[in-house]
2 protein chains.
Amino acid sequence: MRNRAGIETQERILAATKRLLAERGLDGVTIKGICDAAEVHAGSFYNLFESKEQVVLTAVREAIKAVDPDPAGTGNDHLTDLVDAYIRFVMGDQNLARVYLMVAVSGGLTDPAIRARVLGHHEDRHARFVAALHRERPGIGDDQAAELIDALLAALNGYAFQWLLDPSFDFENHARRLLTYA
Amino acid sequence: MRNRAGIETQERILAATKRLLAERGLDGVTIKGICDAAEVHAGSFYNLFESKEQVVLTAVREAIKAVDPDPAGTGNDHLTDLVDAYIRFVMGDQNLARVYLMVAVSGGLTDPAIRARVLGHHEDRHARFVAALHRERPGIGDDQAAELIDALLAALNGYAFQWLLDPSFDFENHARRLLTYA
DNA sequence: TCAGAACTAGAGTGAAAACTAAAGAAAAGT
DNA sequence: ACTTTTCTTTAGTTTTCACTCTAGTTCTGA
């Protein structure tokens with residue numbers, strides 16, 4: 001149903017889209033830009049993707065998924081593992097992290113479909129962090145745990161944003177230090 | 001040099017621009033959209049503004065300025081005052097808050113001019129919060145104060161974003177509660 | 001009141017965008 | 001080898017965008 005060549009150019013187009021999204025933002029991305037970067041002609045693009053919207057959404061979906069690479073998980077991560085995973089995600093692929101933040105904010109605030117996706121993802125992550133916290137401090141109340149995790153996740157996202165703005169910001173240490181407050 | 005009518009339509013255009021920025025994001029704003037919303041024709045628009053870029057930048061500048069309505073200040077605010085001011089800003093005019101967050105993230109990550117503006121503004125705010133913290137807890141070290149404020153500001157922004165995504169999120173209480181962690 | 005300045009309407013321009021159609025080249029299955 | 005499907009190219013079409021032009025209206029100060 002799909003040739004090897006087709007799959008390969010599809011991947012090239014997707015990679016180019018992610019790069020351009022990170023560099024130029026949601027509005028800076030054009031079909032021509034993508035095609036030039038991926039060394040593909042418009043006709044090929046439309047043979048593999050339905051629209052510009054579709055390829056952007058695919059890139060976004062992957063970025064969101066990459067925040068939490070193992071959503072099933074073992075069910076007994078520590079909080080430090082979860083924070084480390086986020087640090088790795090943000091520092092590992094800046095492009096993806098940029099796309100994630102931009103889409104979460106701009107898309108989340110303007111596009112209902114993206115908002116639903118972002119909110120759903122946030123809930124999942126929240127639940128997982130809360131479970132980890134309960135495991136580490138069994139005495140803690142449900143409400144208090146939820147609130148601590150709210151603060152932790154909010155601060156983590158805030159730090160990530162700060163670091164992307166200002167590369168001299170020590171994201172890793174700040175992020176780890178948050179655990180000592182909780 | 002400028003008629004009353006002109007000033008009035010200028011304000012209408014600016015208000016429409018802010019609203020559209022909040023609703024549709026940086027890329028969703030068009031001259032036609034602005035003109036329709038402001039009930040003005042393109043000719044009038046270009047009589048009052050040089051370009052789309054100019055009107056958007058003006059709206060953005062106002063949004064950033066509105067975060068901290070009294071930058072000079074008395075020099076002896078309490079932390080709670082500063083947090084309250086932020087709460088008022090976010091909850092007072094959702095459009096402005098949306099524009100602020102979107103521009104800080106999307107613009108900050110892609111446009112050097114906006115990035116510089118956002119970073120500068122952030123530094124000012126940081127310094128002001130640190131000064132307030134020092135006043136309240138004179139014994140605290142400079143580094144520790146800076147770090148606490150880093151966390152506080154990051155979490156505040158994270159909360160604001162969360163609330164704009166999900167209006168049922170109790171932004172006000174979460175924001176105030178952050179002070180008890182510090 | 002009247003001249004000049006500021007404003008508005010509304011059609012129009014050119015560039016750039018997304019997207020399409022048709023025909024040829026490569027790959028895969030038989 | 002032959003047929004079918006998939007992929008690529010090329011050369012469009014259409015839409016949308018920011019922005020301009022001109023003629024006409026309203027405002028304002030002397």
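Each chain gets a letter, A, B and so on, in the order its sequence line appears, and its residues count up from 1.
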Student: Measuring only between side-chain heavy atoms, which start at C-beta, is A/Y100 closer than 4.5 Å to A/V90?
Tutor: no

Student: I'd like to know whether B/D124 forms a side chain to side chain contact (heavy atoms under 4.5 Å, CB included) with B/H121, so could you lay out the CA-CA distance, the side-chain angles of the two residues, the decisive distance to 0.1 Å, and finally the verdict.
Tutor: CA-CA 5 Å; B/D124 293 347; B/H121 171 260; 5.5 Å; no

Student: Give me, pair by pair, the N or O atoms of the protein and of nucleotides 12-18 of chain D that are less than 3.5 Å apart, along with how far apart they are.
Tutor:
from	atom 1	to	atom 2	distance (Å)
D/dA18	OP1	B/K52	NZ	2.8
D/dA18	OP2	B/I31	N	2.8

Student: Look at all strands and tell whether B/G43 reaches a base, only sugar-phosphate, or nothing, counting heavy atoms closer than 4.0 Å.
Tutor: base

Student: Assess A/R176 against A/F171: is NZ or CZ under 6.0 Å from the centre of the six-membered ring, and within 45 degrees of the ring's axis?
Tutor: no

Student: In this structure, how many angstroms lie between the P atom of D/dC27 and the CD1 atom of B/I7, rounded?
Tutor: 14 Å

Student: Heavy-atom count check: over 12 atoms from other residues, nucleotides or ligands less than 6.0 Å from B/E8 CD?
Tutor: yes

Student: Whole angstroms only, please: what is the CD-P distance between A/E39 and D/dC7?
Tutor: 19 Å

Student: Show the nearest heavy-atom pair for residues B/G33 and B/R24, with the distance to one decimal.
Tutor: CA-NH2, 4.3 Å

Student: Check the distance between C/dA26's P and A/L48's CG and give it to me in whole angstrom.
Tutor: 18 Å

Student: What is the distance, rounded to the nearest whole Å, between atom CZ of A/F49 and atom P of C/dT20?
Tutor: 15 Å

Student: Which one, D/dT20, C/dT8, C/dA28, comes nearest to the side chain of A/N3?
Tutor: C/dA28

Student: What nucleotide among D/dT20, C/dT8, D/dC7 has an atom nearest to a side-chain atom of B/N47?
Tutor: C/dT8

Student: OP1, OP2 of C/dT8 versus side-chain N and O of B/H41: anything below 4.0 Å?
Tutor: no

Student: Do the rings of B/H174 and B/Y159 sit parallel, tilted or perpendicular, given the 30° and 60° boundaries?
Tutor: perpendicular

Student: Quickly work out the B/F45 CZ to C/dG10 C1' distance and round it to whole Å.
Tutor: 17 Å

Student: Measure from CD on B/Q10 to P on C/dA6 and round the result to the nearest Å.
Tutor: 13 Å

